[in-house]
Amino acid sequence: MTEDSYQDTLFEDPIGLRFRHAREKARWSIEAAAQQLKLPVAVLDAIEKEDWGRLGAPIFVRSYLGSYARLLGLPISIADEVVKGTQQPQLASVGNVPPRRRLDRRLGTLARLALTVAVIAAIAAGIWFLQGRLPGATQADAPGTLVASATPGPSVAATAPVEPATQPLSADSTITEPAPFNATAGAGDAAIGPAASGAAAQAGEIQLRFRGDSWIEVLGADGVALERGLVGAGAERRYGPGRAIRVMIGDAAAVDAFSGNSPLDLSPYRTAKVARFTVSSDGSLHPVTSD
């Protein structure tokens, strides 16, 4: 009788030692056994040390022990012995809780929920109140907002000022804006710029009557722009006699030109739709020689 068989007949080893002795007898290292089972080394170490708590729930203990036992040729019943010996978790019975205590628990939960809702509502109300009270938060102080004044006074235009020459005019508009040139010009400059339609024409005066929208540019003899921008259909421009100017009309087909009451032919000065010409001090038209 060998020493191992004598020891087996004398007493039975603990389960953890049985696994360890079986592994060593099979000449397996614990790392090699873990690799063979595709389990962490810590699982096999817990089995050999009978640290069942590290293995988790009983269902995992049974699975680990069964796999390790099959690898080492030990009986599968070892897993059942271990599972029976482990302490099962104690579940609290709801039926043993008195009804009054269950009611108190529910009321406590509802009270906490109501308190949370009340706190959130109070915070939201405070934010809303502060937004209405803080300076600069009212609609009257918002930029770009018009507020009616309680006291009578002159009205203030809300739109930004624009150059009169850049605004299109309708056919029935009356042009009353000031001429876009220096206010200190001489008496001969007074007729240069927009004028009311229907006024009597002077001899040598150049008139432009717009049947459609057209862009124009009018320069004085010194090169200073007297007018530049889009002119709407139905508008009229007059340039008094005795003043040398340079004119460019973007859509000459939409503009009729007159000298006094005599129509002028702009076709000699047109290139495509654009007409360029100069007006001498005697009211005669000439082509533009250089830009």
message: For the CD1 atom on Ile59, are there more than 12 heavy atoms of other groups (residues, nucleotides or ligands in this structure) within a distance under 6.0 Å?
response: no

- line: When every non-hydrogen atom of Gly250 is compared with those of Ser214, the smallest separation belongs to N-OG, 3.6 Å

query: Hey, any chance Leu115 and Ile123 share a hydrophobic cluster, counting ILVMFWY side chains that come within less than 4.5 Å of each other, even indirectly?
result: yes

field: Interatomic distance, Glu48 atom CD to Arg23 atom CZ [nearest 0.5 angstrom]
entry: 4.0 Å

query: Taking the side chain as C-beta and beyond, is there a heavy-atom pair between Glu50 and Trp52 under 4.5 Å?
result: yes

field: Derivation of the side chain to side chain contact (heavy atoms under 4.5 Å, CB included) call for Val43 and Tyr68
entry: CA-CA 10 Å; Val43 172; Tyr68 201 10; over 6 Å; no

- request: Keeping the roles fixed (side chain from Ser29, backbone from Ala32), state whether a donor-acceptor pair exists under 3.5 Å.
  value: yes

Inter-residue atom distance Leu266.CG - Leu208.CG, 0.5 Å rounding: 7.5 Å

message: If you define the side chain from C-beta out and look only at heavy atoms, does anything of Leu39 sit under 4.5 Å from Tyr64?
response: yes

CZ-CD distance between Phe258 and Glu236, expressed to the nearest 0.5 angstrom: 8.5 Å

message: Is there a side-chain contact between Ile206 and Leu285 in this structure, where contact means two heavy atoms from C-beta onward sitting under 4.5 Å apart?
response: yes

query: Does the pair Leu219 and Leu226 meet the rule for a side chain to side chain contact (heavy atoms under 4.5 Å, CB included), with working shown?
result: CA-CA 5 Å; Leu219 305 178; Leu226 304 178; over 6 Å; no

message: For a quick test of reading the model, state the closest non-hydrogen atom pair linking Pro75 to Ala69 and the distance between them.
response: O-CB, 3.9 Å

Side-chain heavy-atom pair Val288, Tyr269 within 4.5 angstrom cut-off: no

query: Is a side-chain donor or acceptor of Arg209 paired with a backbone partner of Asp256 at a separation under 3.5 angstrom?
result: no

field: Nearest heavy atoms of Arg211 and Ala253, plus distance in Å
entry: NH2-O, 2.5 Å

- prompt: Can you check whether Leu65 reaches Phe19 side chain to side chain, under 4.5 Å on heavy atoms?
  reply: yes

field: Point-to-point distance, once rounded to the nearest 0.5 Å, from CZ of Arg18 to NZ of Lys25
entry: 12.0 Å

- prompt: Is it true that a side-chain atom of Glu205 and a backbone atom of Arg238 form a donor plus acceptor pair closer than 3.5 Å?
  reply: no

query: Should Phe60 and Leu44 be regarded as members of a common hydrophobic cluster, given that ILVMFWY residues are connected when their side-chain heavy atoms come within less than 4.5 Å of each other, either directly or indirectly?
result: yes

query: Within a reach of under 6.0 Å around CZ of Arg20, are more than 12 heavy atoms found that belong to other residues, nucleotides or ligands?
result: no

message: Nearest 0.5 angstrom please: Ile47 CD1 to Ser67 OG, how far?
response: 8.5 Å

message: So which atom in Ala79 and which in Gly66 form the shortest heavy-atom distance, rounded to 0.1 Å?
response: CB-N, 4.2 Å

field: Cluster link Ile76 to Leu37, ILVMFWY, side chain under 4.5 Å
entry: no

field: Atom CD of Gln35 with >12 non-hydrogen neighbours under 6.0 angstrom
entry: no

- line: Rounding to 0.5 Å, atoms CZ (Arg237) and CD (Gln207) come to a distance of 13.0 Å

message: For a quick test of reading the model, state the closest non-hydrogen atom pair linking Glu227 to Val231 and the distance between them.
response: OE2-CG2, 4.2 Å

In one Ile/Leu/Val/Met/Phe/Trp/Tyr side-chain cluster, 4.5 Å: Ile127, Val119: yes

